Amino acid sequence: SFNSCLRRDRRVCETMFASYKGPAGSSSSGARPASSSAAGAAGSAAAVQARPGGGAAVRQNPNRRSRGLAEAVEVAREDGRRGSASNSSSNSNSNSNSGSSSSSGGNNSADDGGDVDGESRLPSDMLVGWKSITWMIVAIIIGLGVLGLPATAAHLGWVLSIGFLLLAGLCAQYSGATIAGLVEEAAARKMHVRIYSDLGLLAFGHRGRQVVEATQYLFLGGVIVALQFTAAKSLKQVVETAGHSLCVVSSNAFIAGAMLPMTQLQHLKEVTWVAVLGVAMIVVPLVIYLHETATMPQGRTEVFPASDVDFNHFVNAITTIMFAFQGQTIFPELMSHMRRPRDFPKAVKVSVIFMTTVYGVVMIVGYHYMGHQGLYLIDYVDAKASLTTAANSMLILHVMASYLLNCNVMNHVIYKWLYGHTLHDAPRGRSTRLRWFLVTLLMLGACMVFAIIAPSLGDLVNILGSSLGCILTFTFPAAFSLRVIATAPLTPPPFPQALHNAVLVLSTLFIFLSTYTSVHTFIRHVQENDNPFTC
C-alpha cells in the first residue's frame, strides 16, 4: 500500500502515513515526524489496515486497490486538517524539519503558496481580500471589448446581440469557477499554482505547461498591444481636437514613455489602487459616449440580423462579445495574492454580474441611437469637442490602468524567462531594479512597434478573441477539468463532466470558424495600410 501510494503522489502519501502513529490506528496531533518515510510506513501499516476500505481492502482484493488507497488518503487528509487546526504551531515546526518551504518567491515546493485549507503562504503585506480582487478583475477585463458592443448589435440585431451577451456572461462564470476549482484541486495535491500555465502542468505534465505558456503569453501580449493602440489613438484624437497634429508613431511613443515609470511598480499589491481608478475612468467615458450618440440622427434597428450583413461581419460580431469577457489567464496569479483563495468564486460572480450589466446598458443604449450605423464608440463620437476630449482623456487613463495591471503580470514572466528565477527570489538591490527596468523597457518597446503596425482596434480584438482568447477562456479549462476528473480528483469538481465535454466541442468549432474569418480580414486590412511608420 505504501509503495503504491508513492507511485501515485509522494507528498500525499507522506502526509497520509505521517498522520498515524502506532498499531492501534490512533492519529497523532498532526505533527509530521522528522524520521524517514520508511519508518512512518512501518508504524502505520496496521493503522491503515484497521480502517474500513483502507490497507486491508487493498490486500484482500487487488481489484479494489486504487479505491482503497483513495479512501485512505481522504481519511488521512481529513485528519490532517483537524490536526492542523488544533496544533498549527506543531505543524509549522514539523514542516520545517521535513524540508518544506513557505517562502514568498513562488517556488514549486509543496507548501509554497497554499496548504490544504486554501490559505495563502505569501507574506501578509502582499495579500488582498476578495473585494479588491473583484475590482482588479473588472479593471482588467472591462475595456476594449465594451467599445465595440454597439457595432456588434448593428450586425446581430436585438435578439441575437442580447442573447449572445448573456451567453458570454454565463461562459465567463463557467470559466472563472472552473479555474478556481482547478487551483483548489492542485492545492489538495500539494501543488502550488501561481500562474495559469501551472494548470497545464497539473493536467498534462510539463508538455501541457509549455503549450499553455505559449498560448497564454501570446494572448496577453496581444491584449497589451491592443491597449497600447487604444491609448495612442485616444491621445491622437485629443490632440487633434485641440487643433494640433500628432502622428501615430509620436502618439505611441508618448504613451510608452508615460508607462515606463509606472511599470517600475513590481508587486501586484502596489497597483491595487489602479484597479479602482481604472473602473471609474471607463464608466464616465461610456456615459459621455452614450450621451453623444443620443444627439446623433437615430439609425435603423433590427430585431434580427439584416439581410445585407455578410458572414464575416456576423462571426466577428460574436467574437467581439466573447472578447469583452476574456482575461481569465491572470486568475491563478490573482488567487495567489488572496488572503483566502477559496473566496475567489465570490469575486468572479460579482465581477461577471457587474460586467454583464455594464455591457448590456452600453449595447442597448448605443444600438438604440446609432442603429445600423453602429461603430466602435471611440470612432463614432465627434460632435462636441469638449465632451469628446474629456471622454478620450478618461479613456486614456482607463487603458493605462489596465495596461499597468497586465504589464505587471507579463513583466514578471519575462523577468523569469531572462534571468532564470522569479523577482520574489531575487535579492533586493540596485541590480534587481536595473534588470526590472530593462524588462519593462523591452516590453513597452515591442508593444509600441506592433501597435503601430495594427490597422485597427476591431481587427486586434477579433483576431485575439477568436483564436487565443477562446482557447484560454473555454477550451483549456474544459480540457484540464476532464483530465483531472479522469485521474480521481481529491476535491469535488464545480461542474459535471457532461458540461465540460459540451464546452470543449463547441469552443473548438467556434475557434476554427471565427479564426478563419478574423485572420482573413486582418491580413486584408494590413495590406491596405501603406507604411505605418511614417508621420
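Keep in mind that what you see is a predicted model, and the values were worked out from it rather than measured.
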Write down the atom of Ser351, the atom of Ile137, and the distance for their closest heavy-atom approach.
OG-CG2, 3.6 Å
His192 NE2 to Ser336 OG distance, which is reported to the nearest 0.5 Å:
6.0 Å
Under 4.5 Å between any side-chain heavy atoms of Ile523 and Val519, yes or no?
yes
Atom CZ of Phe450: over 12 foreign heavy atoms under 6.0 Å
no
Within the 4.5 Å heavy-atom criterion, are Leu404 and Thr263 side-chain neighbours or not?
yes
Just by modelled atom types, is the Pro427 backbone N or O under 3.5 Å from a matching donor or acceptor in the Thr432 side chain?
yes
Under the side chain to side chain donor-acceptor pair (under 3.5 Å) definition, can you give me all pairs with a residue in residues 458-470, not counting sequence neighbours?
Thr320-Asn462, Ser456-Asp459, Asp459-His525, Ser466-Ser518
Result for side chain to side chain contact (heavy atoms under 4.5 Å, CB included) between Ile179 and one of Pro494, Pro345, Pro332, Ser481 points to Pro332
Determine whether a donor-acceptor pair (N or O, by modelled atom type, separation under 3.5 Å) exists between the side chain of Glu185 and the backbone of Leu490.
yes
Looking at every heavy atom in both Gly169 and Val352, which two are closest together, and how far apart are they?
O-CG1, 3.4 Å
Classify the ring geometry of Phe354 against Trp135: parallel below 30°, tilted from 30° to 60°, perpendicular beyond 60°.
perpendicular
Flag side-chain contact, heavy atom, 4.5 Å: Arg189 against Thr487:
yes
Side chains of Met338 and Leu127, heavy atoms from C-beta outward: is any pair under 4.5 Å?
no
Do Trp130 and Arg340 touch side chain to side chain, with heavy atoms closer than 4.5 Å?
no
Test item: Asn252 side-chain N/O and Val248 main-chain N/O as donor-acceptor pair under 3.5 Å
yes
Would you call Phe344 and Val183 a side-chain contact if the rule is heavy atoms closer than 4.5 Å?
no
Heavy-atom count check: over 12 atoms from other residues, nucleotides or ligands less than 6.0 Å from Phe204 CZ?
yes
Under 4.5 Å between any side-chain heavy atoms of Phe219 and Thr215, yes or no?
no
To the closest 0.5 Å, what do you measure between CE (Met410) and CD1 (Ile224)?
6.0 Å
Quick check for you: to the nearest 0.5 Å, what is the distance between Ile452 atom CD1 and Phe229 atom CZ?
10.5 Å
Students often mix this up, so state it plainly: with edges at 30° and 60°, are the rings of Trp417 and Tyr217 parallel, tilted or perpendicular?
perpendicular
Roughly how far, to the nearest 0.5 Å, is the OG1 atom of Thr508 from the CZ atom of Phe512?
7.0 Å
Spacing of CD1 belonging to Ile396 relative to CG belonging to Leu235, to within rounding of 0.5 Å
4.5 Å
Quick one: are Leu395 and Leu147 in side-chain contact, heavy atoms under 4.5 Å?
yes
Which atoms form the tightest heavy-atom contact between Cys171 and Phe474, and what is the distance?
CB-CE2, 3.2 Å
Any side-chain to backbone donor/acceptor pair from Asn411 onto Met443? Under 3.5 Å, distance only.
no
What class does the angle between the rings of Phe325 and Tyr359 fall in, given that below 30° is parallel, 30 to 60° is tilted and above 60° is perpendicular?
perpendicular
Would you compute the distance between atom NZ of Lys416 and atom NE2 of His421 and round it to the nearest 0.5 angstrom?
11.0 Å
Give me the ring orientation class for Tyr415 and Trp436: parallel if the planes are under 30° apart, tilted from 30 to 60°, perpendicular past 60°.
tilted
Where does the angle between the aromatic ring planes of Phe476 and Phe480 fall among parallel (under 30°), tilted (30 to 60°) and perpendicular (over 60°)?
parallel
Would you please test Thr473 and Ser175 for side chain to side chain donor-acceptor pair (under 3.5 Å) and show each step?
CA-CA 6 Å; Thr473 307; Ser175 179; 5.3 Å; no
Minimal non-hydrogen separation, Leu182 against Leu202, with atom names:
O-CD2, 3.6 Å
